[in-house]
Chemist: 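One structure follows; several queries about it will come next.
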Amino acid sequence: MKRSLLFAAASLSLLGASVAQTGPSSGASTVLASIKSGAPTRMVYELDARAIVFILPATGRASFTVDMKPDSYAIKSRVRTTGLADVFVNYDMNLNASGTTSAAGLKTTKYTSQNNDGKKNRRVEIDITDKGFKMSAKPKFGNLGDPAATAEQVLLTNDPLTALITFALEPRAKGADPCGGPIKIFDGRQLTYLHLKRGNANTVKVKTPGWSGQAIECHVTMDKVAGYKKGESNNDTLTGISGPLRMYLAPLENGAHVPVKIVADTDKVGKVTLTAKTLRFEPLVTTAAATKTGGGR
């Protein structure tokens with residue numbers, strides 16, 4: 001779980017907002033409200049990870065394509081390590097999520113993950129309705145944790161991709177902590193809550209290839225609710241990480257709060273830094289829209 005959280009924690013935001021914008025506008029329509037009003041949008045996003053192993057660099061990259069329509073969304077993601085990163089994690093994943101769109105957030109109906117690490121190469125599929133869920137894994141998990149996640153618990157969560165993207169897009173109430181959360185995640189076995197709190201009263205200067213400006217520093221801790229080994233549940237630490245995971249959110253003028261940098265001090269490889277490499281938003285041309293403009297017959 002920590003791997004998918006670390007690489008996926010860059011889910012983001014949009015609609016007409018330039019990545020150079022650095023402050024929220026109280027009068028702006030929220031991202032999801034704009035999509036619901038009839039502005040389908042595609043987000044293309046890349047996140048780079050870097051650490052140092054035996055003095056040499058180890059890297060990873062996660063890419064995301066998010067298509068959002070007024071009533072539905074679909075996410076495609078590829079997460080893999082490169083160079084010497086296999087020294088500390090062998091990771092090559094294709095992830096897909098889809099579900100429903102509302103002005104309040106995104107909600108998972110289907111999630112698929114396919115690991116191609118050359119070992120178990122496990123495929124996990126989840127289907128969620130408003131009454132329960134179905135999960136299949138090939139090869140099967142040895143167990144589903146102690147305790148295992150219940151249907152009631154899963155219905156309060158989203159898959160890892162959706163959970164982090166809707167976290168960035170959901171409108172924040174006036175006067176609320178801009179760090180937001182909790183982020184409630186279910187990956188087919190492990191059910192986890194990520195709790196965020198303001199780590200610095202002032203904004204912090206952040207510069208990445210994908211965005212630069214004053215960002216909000218948030219500290220992240222984990223609540224292992226279900227699906228973990230016996231004795232691990234309710235452990236509020238991120239496994240293998242010393243101190244809080246630090247997430248920096250870019251407050252865009254459209255009301256979104258985009259994770260543009262994540263820093264973790266790990267036990268095995270020291271500091272791991274993730275930064276936004278690409279952050280691009282563009283109109284999503286649907287079949288219906290193409291027909292109206294003469295692009296279809």
Side-chain angles (χ1 to χ4, degrees), residues 1-13 43 45-47 49 60-68 73-81 89 91-101 105-117 120 122-128 133-137 141 144-145 148-149 153-170 180-196 218 220-228 232 238-241 245 247 249 257-259 262 264 272 274 276:
M1 166 65 81
K2 70 176 180 180
R3 297 173 184 175
S4 59
L5 295 180
L6 199 61
F7 280 110
S11 325
L12 307 15
S13 148
M43 178 190 74
Y45 180 80
E46 287 184 318
L47 177 69
R61 175 167 296 178
S63 62
F64 303 84
T65 301
V66 186
D67 288 352
M68 289 172 283
Y73 71 91
I75 308 170
K76 293 183 179 181
S77 177
R78 174 79 183 277
V79 183
R80 62 192 178 93
T81 55
V89 58
Y91 208 63
D92 187 352
M93 296 282 288
N94 286 290
L95 309 170
N96 294 272
S98 59
T100 58
T101 303
L106 307 178
K107 183 62 180 174
T108 306
T109 57
K110 189 173 184 63
Y111 171 72
T112 303
S113 69
Q114 174 66 63
N115 190 6
N116 303 298
D117 63 3
K120 292 185 177 180
R122 177 174 282 125
R123 181 179 180 85
V124 177
E125 296 184 2
I126 310 172
D127 290 283
I128 302 177
F133 77 100
K134 294 181 180 179
M135 185 279 292
S136 64
F141 291 114
L144 295 179
Q153 291 173 320
V154 171
L155 291 179
L156 299 176
T157 70
N158 277 313
D159 68 86
L161 297 179
T162 301
L164 290 161
I165 289 179
T166 196
F167 157 76
L169 302 183
E170 289 170 355
I183 305 174
K184 301 178 180 181
I185 302 170
F186 180 62
D187 68 358
R189 180 177 183 268
Q190 296 178 334
L191 192 148
T192 310
Y193 286 4
L194 296 183
H195 299 279
L196 299 93
C218 304
V220 185
T221 56
M222 172 188 282
D223 182 7
K224 301 174 182 177
V225 179
Y228 289 86
E232 279 191 324
L238 289 157
T239 304
I241 295 179
L245 182 148
M247 180 185 292
L249 304 180
H257 291 73
V258 179
I262 301 166
V272 177
L274 296 89

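As the structure is a computational prediction, the values presented were derived from the model and not from experiment.
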Chemist: Report yes or no: does Asn158 contribute a side-chain atom to a donor-acceptor pair with the main-chain N or O of Leu106 at less than 3.5 Å?
Modeler: yes
Chemist: Do side-chain atoms of Ser77 reach the backbone of Ser63 as a donor and acceptor pair under 3.5 angstrom?
Modeler: yes
Chemist: Looking only at non-hydrogen atoms, find the nearest pair between Ala137 and Arg122 and report the distance.
Modeler: CB-CD, 4.3 Å
Chemist: When rounded to the nearest 0.5 angstrom, what distance separates CD in Glu125 from CG in Asn96?
Modeler: 10.0 Å
Chemist: What distance separates Ile262 CD1 from Leu274 CG, expressed to the nearest 0.5 Å?
Modeler: 5.0 Å
Chemist: Show the nearest heavy-atom pair for residues Met135 and Leu144, with the distance to one decimal.
Modeler: CE-CD2, 3.7 Å
Chemist: So, do Arg123 and Ser113 sit near enough that their side-chain heavy atoms are less than 4.5 Å apart?
Modeler: no
Chemist: Take Val258 and Phe167, measure what side-chain contact (heavy atoms from CB on, under 4.5 Å) needs, and give me the verdict at the end.
Modeler: CA-CA 9 Å; Val258 179; Phe167 157 76; over 6 Å; no
Chemist: Could you grab the distance from atom NZ of Lys76 to atom OG1 of Thr112, nearest 0.5 Å is fine?
Modeler: 11.5 Å
Chemist: Would you name the heavy atoms of Gln190 and Gly227 that are closest together and state the gap between them?
Modeler: CG-O, 3.5 Å
Chemist: Between Asp92 and Arg78, is there a side-chain N and carboxylate O pair less than 4.0 Å apart?
Modeler: yes
Chemist: Taking the side chain as every heavy atom from C-beta outward, state whether Ile183 and Leu196 have any pair of such atoms under 4.5 Å apart.
Modeler: yes
Chemist: I'd like to know if the side chain of Thr108 and the backbone of Asp159 have a donor-acceptor N/O pair within less than 3.5 Å.
Modeler: yes
Chemist: Considering all heavy atoms of both residues, which atom of Leu47 and which atom of Ala276 are nearest to each other, and what is their separation?
Modeler: CD1-N, 4.1 Å
Chemist: Could you tell me which non-hydrogen atom of Val79 sits nearest to which non-hydrogen atom of Ala62, and how far apart they are?
Modeler: CG2-CB, 3.9 Å
Chemist: If you measure from NZ on Lys107 to CG on Leu155, what distance do you get to the nearest 0.5 Å?
Modeler: 6.5 Å
Chemist: To the nearest 0.5 Å, tell me how far Lys184 NZ sits from His195 NE2.
Modeler: 8.5 Å
Chemist: Answer whether the closest heavy-atom distance between the side chains of Glu46 and Arg61 falls below 4.5 Å.
Modeler: yes
Chemist: Between Asp127 and Lys110 (salt bridge meaning N to carboxylate O under 4.0 Å), is one present in this structure?
Modeler: yes
Chemist: Which is it for Thr162 and Tyr73 under the side-chain hydrogen bond (donor to acceptor under 3.5 Å, both in side chains) test, yes or no, and what are the steps along the way?
Modeler: CA-CA 9 Å; Thr162 301; Tyr73 71 91; 2.7 Å; yes
Chemist: I'd like to know whether Val124 forms a side-chain contact (heavy atoms from CB on, under 4.5 Å) with Ser136, so could you lay out the CA-CA distance, the side-chain angles of the two residues, the decisive distance to 0.1 Å, and finally the verdict.
Modeler: CA-CA 6 Å; Val124 177; Ser136 64; over 6 Å; no
Chemist: Looking at residues at least two apart in the chain, or sitting in another chain, which of them share a ring pair (Phe, Tyr, Trp, His ring centres under 6.0 Å) with Phe133?
Modeler: Phe186
Chemist: Do you know which of Ile185, Leu191, Thr192 makes side chain to side chain contact (heavy atoms under 4.5 Å, CB included) with Thr157?
Modeler: Leu191
Chemist: Looking at OG1 of Thr100 and CD1 of Ile128, how far apart are the two atoms once the value is rounded to the nearest 0.5 Å?
Modeler: 10.5 Å
